[in-house]
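One structure is given below, encoded as structure tokens.
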Amino acid sequence: MSVSFSLTTWNVNSVRARLDNVLTYLDEHEPDVVCLQETKVEDQLFPRVPFMELGYQLALHGTKGYAGVATLTKGAKPEDVQLGFADGPKDKHRRIVACTYAGVRIYNLYVPNGTALGSEAFTYKLEWLARLRAELGARFSPSDNVVLCGDFNIARDERDVWSVEAMRGGTHFTPEEHAALDALEDFGLRDCFRKHDQEPGRFTWFDYRNASWERRQGLRIDYVYATEPMHERCTEVVLDWEPREWDTPSDHCPLTAHFS
DNA sequence: ATGGTTGTTAGACAA
């Protein structure tokens with residue numbers, strides 16, 4: 001019999017700058033698993049205590065100033081923690097922490113932004129995604145209980161961008177990036193949010209610039225992907241815009257999936 | 001708008 005749990009993924013854009021917001025949110029919603037991205041802090045300086053006081057145990061993979069991921073679990077510790085890719089060169093950017101919780105392999109991901117077309121960062125993004133796909137294929141079967149969540153920095157289709165026109169010439173909505181998502185889906189991953197909601201405009205990120213939030217001009221770039229058995233068990237996914245209204249918000253909104 | 005804002009960290013850089 002499987003254990004039901006909830007999982008919140010949230011790019012917080014600095015866990016220290018966002019500490020009050022994040023703690024307030026977790027205290028209210030009490031998700032069993034929390035996957036944070038862009039923690040922007042080395043592990044020694046991560047504010048562990050207030051999260052432990054809320055009942056969480058932590059798996060950290062951070063570095064000074066940028067990127068960084070953290071997975072928090074309630075009731076049981078994150079087991080078999082993997083930092084970075086399983087094989088090959090180290091994940092020097094600190095963008096992956098994987099762990100097992102309730103018998104489910106959970107990948108917390110902060111996919112490289114890609115910065116600009118033609119940049120080294122864009123090449124790195126595509127190579128990083130290819131490496132992720134290879135790791136999944138080498139280590140898992142589509143029938144395993146696997147969840148990949150986090151900031152993918154790719155908008156899936158036209159419903160997931162505020163303006164197709166505005167995306168032209170930039171990253172996050174190119175054929176190459178879509179092919180990378182296709183490859184993950186070809187492995188057997190499913191978009192849990194789209195199981196329950198087909199509407200356009202369900203954006204998870206709003207640029208700090210250009211009053212994007214006030215205009216509701218954003219992108220859906222944060223996802224909970226799951227293999228078929230976990231997709232089956234996904235009963236609901238909640239995109240919460242409320243914290244975007246709070247003082248000093250992250251540019252991303254939390255997304256919470258429920259698994260039965 | 002080859003800009004706009006935020007965070008880290010002390011001038012750019014990443015996003």
Side-chain angles (χ1 to χ4, degrees), chain A residues 9-25 35-48 50-51 60-70 84 90-97 108-129 132 149-156 160-174 176-178 180-181 203-223 241-255:
Chain A
T9 179
W10 195 2
N11 179 323
V12 293
N13 187 19
S14 170
V15 70
R16 290 181 292 181
R18 217 68 58 212
L19 190 58
D20 287 348
N21 286 15
V22 175
L23 292 172
T24 297
Y25 196 80
C35 294
L36 304 178
Q37 301 89 35
E38 276 206 272
T39 52
K40 293 187 171 181
V41 63
E42 55 200 295
D43 297 345
Q44 301 91 317
L45 296 178
F46 193 101
R48 297 162 188 258
F51 291 102
L60 306 177
H61 194 215
T63 191
K64 192 174 178 176
Y66 68 107
V69 284
K90 283 193 74 174
D91 170 32
K92 63 179 190 296
H93 289 202
R94 308 291 210 274
R95 297 175 181 278
I96 299 174
V97 55
N108 174 7
L109 304 173
Y110 175 42
V111 176
N113 178 289
T115 310
L117 294 187
S119 67
E120 281 184 28
F122 190 69
T123 303
Y124 178 72
K125 179 181 195 173
L126 297 177
E127 289 172 351
W128 193 97
L129 286 161
L132 176 67
C149 70
D151 176 2
F152 284 70
N153 272 315
I154 303 170
R156 188 75 198 90
D160 303 324
V161 300
W162 66 273
S163 160
V164 171
E165 177 67 25
M167 300 307 290
R168 205 170 295 166
T171 59
H172 292 56
F173 197 64
T174 64
E176 293 90 340
E177 290 162 297
H178 289 147
L181 283 187
F203 306 136
T204 64
W205 172 84
F206 301 87
D207 202 315
Y208 286 125
R209 299 164 289 191
N210 307 322
S212 298
W213 164 246
E214 287 75 10
R215 298 173 190 203
R216 301 299 189 267
Q217 297 179 340
L219 302 175
R220 190 173 75 98
I221 55 177
D222 298 86
Y223 298 84
W241 280 1
E242 191 188 334
R244 197 62 173 78
E245 292 280 14
W246 298 351
D247 287 340
T248 62
S250 170
D251 45 356
H252 292 254
C253 302
L255 187 67

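Note that the structure is a prediction, hence the values are computed from the model and not measured. Naming convention: chains lettered A, B, ... in sequence-line order (proteins, then strands); numbering from 1 in each chain.
- The heavy-atom pair separating A:Tyr223 from A:Arg156 by the smallest distance is OH-N, 3.0 Å.
- Between the C1' atom of B:dT2 and the CG atom of A:Leu117 lies a distance of 15 Å, rounded to the nearest Å.
- Near-neighbour residues of DNA chain B inside residues 11-18 of chain A, defined by a heavy atom below 4.0 Å, number-ordered: A:Asn13, A:Ser14, A:Ala17, A:Arg18.
- Under a cutoff of 6.0 Å and an axis angle of 45°, A:Arg215 and A:Trp213 do not form a cation-pi pair.
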Table of protein N/O atoms under 3.5 Å from nucleotides 3-5 of chain B N/O atoms:
| from | atom 1 | to | atom 2 | distance (Å) |
| --- | --- | --- | --- | --- |
| B:dG4 | O6 | A:Arg209 | NH1 | 3.4 |

Report all side-chain donor-acceptor pairs from residues 166-173 of chain A shorter than 3.5 Å, counting only partners two or more places apart or in another chain.
| from | atom 1 | to | atom 2 | distance (Å) |
| --- | --- | --- | --- | --- |
| A:Arg168 | NH1 | A:Glu165 | OE1 | 3.3 |
| A:Arg168 | NH2 | A:Glu165 | OE1 | 3.1 |
| A:His172 | NE2 | A:Asn153 | OD1 | 3.0 |

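- Checked against side chain to side chain contact (heavy atoms under 4.5 Å, CB included), A:Thr174 has the following partners two or more places apart in sequence or in another chain: A:Leu117, A:Phe122, A:Glu176, A:Glu177.
- B:dT6 and B:dA1: their P atoms are spaced 23 Å apart (whole Å).
- Nearest-nucleotide assignment on DNA chain B puts the 5′-proximal partner with A:Lys64, out of A:Lys64 and A:Glu38.
- Panel note: side chain A:Thr204, backbone A:Arg220; no donor-acceptor pair is recorded below 3.5 Å.
- When the C1' atom of B:dG7 is taken as reference, atom CH2 of A:Trp205 falls 15 Å away, rounded to whole Å.
- Residues meeting the side-chain hydrogen bond (donor to acceptor under 3.5 Å, both in side chains) test with A:Ser250, sequence neighbours left out: none.
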What nitrogen or oxygen pairs link the protein and nucleotides 12-14 of chain B at under 3.5 Å?
none

